[in-house]
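In what follows, a structure is listed as structure tokens, so that the remarks can point back to it.
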Amino acid sequence: MGNGTENREQWGSRLGFIMAAAGSAVGLGNIWRFPYVTGMNGGGAFVLCYVAIVFTIGVSVMLAEFVIGRSAGLNAVGSFRKLKGGAWPVVGWMGVIAGFIILSFYGVIAGWTIAYMIKSFTGLMTLAAEGKAGDAFGAFVSNPTQVVLYQVLFMVMTIWIVFKGVGEGIERYCKVMMPALFVILLILIVRSVTLPGAGKGLEFYLTPDFSKLTGASVFAALGQGFFSLSLGMGCMITYGSYLSKKEILPSAAITVTFLDTMVAFLAGFAIFPAVFAFGLEPAAGPGLTFITLPNVFAKMPGGMIFSFLFFLLLFFAALTSSVSLLEVCVAYFKDEMGWTREKASWLLGGIITALGIPSALSLGGHFPKIAGKDFLDVMDFISSNVLLPLGGIFIALFVGWVWLEGAKKEATNEGKAPFAWETAWVWIVRVVAPVAIAWIFVKGLKW
Ligand code: TRP
């Protein structure tokens with residue numbers, strides 16, 4: 001077996017690593033899903049609940065992943081093999097498989113964002129103004145050539161960045177795309193909240209309604225938090241493996257969690273005030289992004305530009321996340337099979353693209369349904385509801401019970417780095433996180 005620890009690639013700087021890890025976390029999940037889930041689950045009350053969960057369980061599991069990765073200096077599978085062996089590498093294996101599956105459909109939806117950037121200037125606004133945004137979306141997703149073409153284009157960009165390497169590829173591009181993402185988000189927020197009638201949207205988004213905060217909302221917050229922070233599949237193990245021994249891990253985990261939460265929270269300010277200002281109803285899921293928002297932009301002066309900027313924002317968010325998914329797979333084949341980065345990126349990227357084609361076709365009804373679900377939803381279900389929670393439980397248990405002394409040493413840089421919340425962390429990874437995630441897992445298994 002190869003050994004990736006010698007001459008292993010490293011992040012060039014602390015900032016570069018933070019941008020890459022935040023880039024992985026900030027993704028499609030933050031921008032359309034978080035605002036919507038918040039609106040439906042009691043607004044401000046849900047935000048408080050989400051923040052509480054993410055800054056206890058989320059940040060702790062993220063730190064557990066960083067600690068495992070940096071200590072071993074290997075990919076998700078190799079890390080478990082090196083630190084403990086036995087059946088533990090299976091956890092890493094599940095992560096690599098989850099990476100294949102998630103990226104296969106993530107690339108499809110990300111491809112739509114490229115199409116919509118172009119469409120912003122080529123007639124989407126006119127169609128939306130005529131009330132045909134829904135038909136246009138339907139026609140687009142049921143056109144196999146178009147959908148697959150944009151998916152392939154997006155995947156080639158993902159592969160290209162990963163092929164360029166950790167420092168020259170992932171870090172370099174994330175350092176440009178993440179600040180750009182932030183600036184675009186601020187422009188969109190200013191536009192949205194200054195529209196006449198924006199207040200109603202803010203009210204819908206933020207007014208705390210504790211009566212809507214049910215058990216199901218807590219469940220939604222946990223699931224959303226996990227996916228949003230890129231936890232449970234070894235993404236943060238892999239990114240942690242490229243970290244220098246000097247980096248202070250507990251504060252890095254807090255920073256990344258904070259940035260991810262802030263982007264999710266701010267996305268709601270870009271979306272709801274604008275939707276309500278034009279008297280539209282916030283729809284669920286892809287409909288909000290690809291149908292409701294074009295309707296909103298069509299009604300704004302300069303709508304083309306804002307529409308383009310919005311889809312560019314989604315595109316940047318998606319690309320910095322997709323590279324992290326591919327890197328999990330590439331790191332595994334590189335470390336464990338001795339493949340070159342070049343071979344691993346193009347070959348695995350190609351396989352994942354091919355695996356995504358049924359997802360791409362399923363939305364227009366060009367692929368048979370499996371037990372009543374679209375292929376894309378089946379892939380999403382297996383990864384988000386099965387592999388990620390299982391991975392999260394085992395990562396927490398591994399650090400909390402199996403390798404605790406080693407983990408504590410690594411988290412504090414052999415006792416030299418500050419770690420004020422060490423005791424809390426230990427109990428969260430030992431008990432709170434496994435129990436809470438097991439609960440999501442059981443509830444989420446409903447088909
Ligand atoms: N966090 C990203 C989002 O919010 C998606 C993502 C990237 C992810 N890497 C991951 C989710 C690893 C789970 C595991 O869109």
Side-chain angles (χ1 to χ4, degrees), residues 26-40 102 105-125 127-129 131-143 146-147 150-151 154 181 184-185 187-189 191-192 201 204-205 220 224 227-228 263-278 280-300 303-322 359-360 362-364 374 376-377 380 384:
V26 173
L28 295 172
N30 298 54
I31 294 173
W32 60 261
R33 198 158 180 279
F34 178 83
Y36 173 74
V37 174
T38 300
M40 295 318 288
I102 298 177
F105 68 81
Y106 206 82
V108 173
I109 300 173
W112 300 353
T113 67
I114 305 180
Y116 268 68
M117 279 193 268
I118 300 169
K119 286 177 194 291
S120 300
F121 294 114
T122 56
L124 177 64
M125 295 295 104
L127 284 169
K132 294 196 195 117
D135 298 343
F137 180 64
F140 171 66
V141 295
S142 42
N143 182 334
Q146 288 254 323
V147 174
Y150 286 111
Q151 179 215 356
F154 179 84
L181 179 150
I184 298 171
L185 186 57
I187 296 173
L188 293 172
I189 290 171
R191 172 65 288 190
S192 179
F204 168 79
Y205 184 36
Q224 169 68 17
F227 189 85
S228 187
V263 171
F265 184 59
L266 288 177
F269 288 89
I271 294 173
F272 290 120
V275 170
F276 280 80
F278 294 110
L280 295 168
E281 282 294 309
L288 176 63
T289 307
F290 294 97
I291 301 170
T292 310
L293 289 177
N295 281 328
V296 169
F297 296 127
K299 294 187 176 152
M300 276 180 193
M304 273 183 189
I305 307 284
F306 290 110
S307 172
F308 170 77
L309 284 177
F310 177 77
F311 289 107
L312 182 65
L313 171 79
L314 272 182
F315 168 72
F316 282 162
L319 190 55
T320 54
S321 296
S322 64
S359 290
S362 70
L363 294 149
D374 283 337
L376 189 147
D377 296 328
D380 185 15
S384 308

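Not measured: the values here are computed from a predicted model.
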| Given the rule in the side-chain contact (heavy atoms from CB on, under 4.5 Å) test, do Val275 and Leu293 qualify, once you have shown the distances and angles that lead to the verdict? | CA-CA 7 Å; Val275 170; Leu293 289 177; 4.0 Å; yes
At what distance, to the nearest 0.5 angstrom, does [atom1] of [X] lie from [atom2] of [Y]?
X	Y	atom1	atom2	value
Met304	Leu124	CE	CG	9.5 Å
Leu376	Tyr106	CG	OH	12.5 Å
Arg33	Thr38	CZ	OG1	10.0 Å
Met300	Ile305	CE	CD1	12.5 Å
Leu313	Leu181	CG	CG	4.5 Å
Ile189	Ile184	CD1	CD1	12.0 Å

Closest approach of [X] and [Y], non-hydrogen atoms and distance?
X	Y	value
Val108	Ser359	CG2-CB, 4.1 Å
Ala360	Gln151	CB-OE1, 4.0 Å
Ala267	Asn30	CB-O, 4.0 Å
Ala133	Ile291	CB-O, 3.8 Å

[Y] and [X], any side-chain heavy atoms less than 4.5 Å apart:
X	Y	answer
Phe306	Ile187	yes
Tyr205	Phe265	yes
Phe315	Leu319	yes
Phe278	Phe297	no
Ile31	Thr289	no
Leu363	Val147	no
Pro35	Phe272	yes

| request: Take Ser322 and Phe154 through the test side-chain contact (heavy atoms from CB on, under 4.5 Å) and record every step on the way to the result. | output: CA-CA 9 Å; Ser322 64; Phe154 179 84; 3.3 Å; yes
| Mind checking whether Phe137 and Trp112 have parallel, tilted or perpendicular rings, split at 30° and 60°? |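 Taking Trp112 first and then Phe137, their aromatic rings stand perpendicular (interplane angle over 60°).
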| Parallel, tilted or perpendicular for Phe290 and Tyr116, by the 30°/60° rule? | perpendicular
Short side-chain to backbone donor-acceptor contact, [X] and [Y], under 3.5 Å:
X	Y	answer
Gln224	Gly29	yes
Tyr150	Ala110	no
Ser307	Ser120	no
Asn143	Phe140	no
Ser192	Leu188	no

| request: Kindly write out the residues that satisfy salt bridge (charged side-chain N to carboxylate O under 4.0 Å, His left out) with Asp380, not counting sequence neighbours, or none if the list is empty. | output: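 With sequence neighbours excluded, Asp380 shows a salt bridge (charged side-chain N to carboxylate O under 4.0 Å, His left out) to no residue whatsoever.
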| task | Taking side chain to side chain donor-acceptor pair (under 3.5 Å) as the test, write out the residues that go with Ser321, two or more places apart. | result | none
